[in-house]
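Here's the structure, in C-alpha cells; my notes come after.
Remember, it's 1-based here, ligands and their atoms both numbered in the order they're listed.
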Amino acid sequence: MEGHLVITSREPQPVPLSILQAPPIATSYNDRIRPLLDAVDKLRNLMVVKEGIPLPTIVVVGDQSSGKSSVLESLAGISLPRGQGICTRVPLIMRLHDQRQDETPDLHLEFNGKIVDIDDEDHVSDAIVAATNEIAGSSKGISNTPLTLVVKKDGVPDLTMVDLPGITRVPVHGQPENIYEQISEMIMEYIKPEESIILNVLSATVDFSTCESIRMSRMVDKTGKRTLAVVTKADKSPEGLQEKVLADDVNIGLGYVCVRNRIGDETYEEARREEAKLFDTHPLLSKIDKSIVGVPVLAQKLTQIQATIMAKSLPEIVRKINDKLNASVAELNRMPTTLSSVAEALTTFMRIMGSAKESLRKVLLRGEFDDYPEEKDMHCTARLTDMLNKYYDELQKCPENDPRTNFLVEELEVLEEAKRIGLPNFLARSSFLILLQRKLKAISSMPLAFGVRAWDYIEGIVIRELTRHTENYPQLQPWMRRAATDLINKMREKTANRMTEIVEMEKLTAYTCDPQYLSEWTKLMTQQTPFMQVINDEYKSTVMVLEGIGRVDVRHLRDHKQLVQDAFDLKMRMTAYWNIVLRRFVDSMALYLPFSVHNLVNKEMEMEIVGELIGPNGRGLIERMLEEAPSVAAKRERLSRSIKLLRESAAVVAKITDRIATDGDYSD
Ligand SMILES: Nc1nc2c(ncn2[C@@H]2O[C@H](COP(=O)(O)OP(=O)(O)OP(=O)(O)O)[C@@H](O)[C@H]2O)c(=O)[nH]1
C-alpha cells in the first residue's frame, strides 16, 4: 500500500513461551537497531522536541481500563500501577532495553531533571505512583511533564513507548471538570506528528467503533497507516473476536494483535504460558492466525515498526536539526553587541529609526510584503484599499439617504417652501442646497469614523514595526510606543479636521466639472414622462421601478400634481449629483491617507521621536541603552543553550548516519 509504513521482513516465528527468556528477535537485528534507538532516546533526553523537532515515537492510547498498562506490563515483564479509575496521570515514557544475562539489570525513573533508582521490580509500581504524585499532585489531576521509566534487563524487547492517560468522558470524584479536554489535548499533542505510531489498545469486550481512542486516532491518521491495534482481554470475550479483527471496521492500517494479559497473581512467565495455551487450544481463539496473536508477536511487530519509522524519519530529523541550528546561530549573531558609549548608543538608536522607517515605507507605501508573506494584516496597501471600498459601500447604503423612503415627499416639502412669484419650471437653487445639506448631515459622521478606523489600523502597524526593530532594546519600547501613539493621535485629529472641512465645503457649494453628472441626469430624466403618466392616469398601477431609485409606490403623489414634476427633476438631479459627492468623499480620503502616511513616515515620525528624545521625557533614555535588558540577556542565554543542545544532537545523529553509510540500511 503506497504511503503506508511497510513492515517487510520476516514473518513472526512460532511463539516462544516467554519473551523474557527468548526474545523472538534475532540478536544481530537488535545489534543493528540498538544504536538507532539509543540515538533517538538521546535526542529525546536532550528534549529536541522542545526545539520543534518531532521524534519517532510509539504512543500508547486507549480508553480507560482498556488494558493499556497491562499491555505495557506484559511487554516489560514488570508491574505498573493498576487499579480503578485513572492510574496514568502523566506521559509515561517507557524505555525498554534488552541486555545480556550477565549484565546487572537497571531500573530507574527520570523526571524533572533527576534520576531515581528503583531497588527491584516489585517497587516499580510504587516508585511510579510517588513520582506521579510529585509531578501532578496527589489528587486525580493530570500533568504534561513526562516521567521516564528505564528498564534495562535481559529479554525485554528494545522499545521506547509513551503511555498516556486513558480517555475518560465523565470525571470521577476529585477530577477536574475538564479532565476529558485535558486528556484529549495531551493525546492529540502526542499522536498528531506524522512520526508517531499509534498503538491503540482496545478491549475485546467492547465494540471497537464506539472507542474514543479510535475516534481520536482517526482524526490524525484517517487511513490508519500509522495505527496498530492491540486487542486485550481476548480470554474474556472470545466470541466473534476473529470476525471483528478480520472485518477491520475501524481501519487499522498496521493490523491487529490479540493478547491475553496477566490475570491476578500470575507471574509473567505463567501469563505468557497461559496466553500461548489459550490461543493454541481455545475452540474459537485457536482459529485466529498465529501471526496476529500473543505478546511476543506484539513485541516483534513493535520493534520492527520502530526500526522502520526511525530509519525513515532520520533524514528529516537531521535536516530539521541543521535548519534549527543554523537559524539559532544566525539569530544569536544578529543579537546586538553590548554598547560601550553614548555615541555608540545614539548611532544604534538612529540606525533603528532608519530601519523602522524603511520597513514602514515598504509595507504602508510601497506594498512590499516579503517580510510578512503569510500575514495578511501586514499587507497594508491592500488592507487600506479594502477599507476604502467598504467605506464607499457604507456611504451608499446609509439608511437615512435611501431614495425609496417617502419618495419625493421631502422634495415636495422643500419646493413648497421655496415658492415664489416667477416662471414655472425654474428650479430654485436653494431647494437643491437644502436637500443636499440634509443628506450631508445624515452621513457627516461617517468620514470621521472612517478616519479613526484607518488610523487605528495604521497605529497598529507603526507600533508593531517599531517594536520589532527595538526588540533587542526593550528599554526603548514603552517610550517609543508612547511617542508613536502621541503622533498618531495628532494625525487622527488632522484627518478629522480635514474631513469636517470637506463635509462643510460640500454643504456650501454644489459643483462638479464631471460630465457624468449631466449625462446621468439626462438619462434619469427620460423616465419623467412615463412617471407623469402614472401620476396622471388614475387607472394605472402606482407601483413602478425607477432607474437610480428602485421600486417605489407613487400613490401618495397623485394629490400633488402641481409640484410633482419639479420634485421629480430635483430628485434626479440629486441622484446624479449625490453619486459624485460620495465618490469625492472616498477619492479625497484615498489621496489624503497615503499623503499623510507619507508625511508621517518620512518626516513627522522622526521629528516627533527625536523631539521627545531631547525633551524631558527622553532624559537618560540613550544611556539606558548601555545596560543590557534582562530579557535580552535571557534570550542570549536561551539561544546559546539551544545551540549547544542542537550541536550535541547533530553529533548524535552524525554518528548514526555514518554507521548507516558503512553498515547499510537499518530499515528492514
Ligand atoms: N481477563 C483479562 N483482564 C485484563 C486483560 N488486560 C487487562 N485486564 C484487566 O483490565 C483492567 C484494566 O486494565 P489496565 O491495564 O489497568 O487498564 P488501563 O487502560 O491501563 O487503565 P487506565 O490507566 O486506568 O486507563 C485490570 O483489572 C486488568 O487486570 C486481559 O487480557 N484479560
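- For the pair K236 and ligand 1, the shortest N or O to N or O distance does not fall below 3.5 Å.
- Using a non-hydrogen distance threshold of 4.0 Å, G62 does not register as a contact of ligand 1.
- Every side chain to side chain contact (heavy atoms under 4.5 Å, CB included) that T267 has, sequence neighbours left out, goes to E269, E270.
- With T467 contributing its side chain and Q477 its backbone, the two residues share no donor-acceptor pair below 3.5 Å.
- Close contacts of ligand 1 with S69, meaning ligand atoms under 4.0 Å from a residue heavy atom, involve 15 (O), 18 (P), 20 (O), 23 (O).
- Contact annotation: the side chain of E194 never approaches that of E316 to less than 4.5 Å [non-hydrogen atoms, C-beta and beyond].
- Any N or O atom pair closer than 3.5 Å counts here, and D235 shares at least one such pair with ligand 1.
- Ion pairing between K152 and E103 fails under the 4.0 Å rule for side-chain N and carboxylate O.
- Between R260 and ligand 1, a contact under 3.5 Å exists for no N or O pair.
- Only one option out of D221, L254, T227 pairs with I197 in a side chain to side chain contact (heavy atoms under 4.5 Å, CB included); it is L254.
- Listed by number with element, the atoms of ligand 1 under 4.0 Å from a non-hydrogen atom of T88 are 23 (O).
- Some N or O of N261 is nearer than 3.5 Å to an N or O of ligand 1, by distance alone.
- Not a single salt bridge (charged side-chain N to carboxylate O under 4.0 Å, His left out) links E185 to another residue, sequence neighbours left out.
- For ligand 1, the polar-atom distance check against A234 finds no nitrogen or oxygen pair separated by under 3.5 Å.
- The distance criterion of under 3.5 Å between nitrogen or oxygen atoms is met by S65 with respect to ligand 1.
- Proximity of a side-chain donor or acceptor of Y256 to a complementary backbone N or O of I292 within less than 3.5 Å is not detected.
- Close approach of ligand 1 to S70 (heavy-atom distance below 4.0 Å) involves ligand atoms 6 (N), 7 (C), 13 (O), 14 (P), 15 (O), 28 (C).
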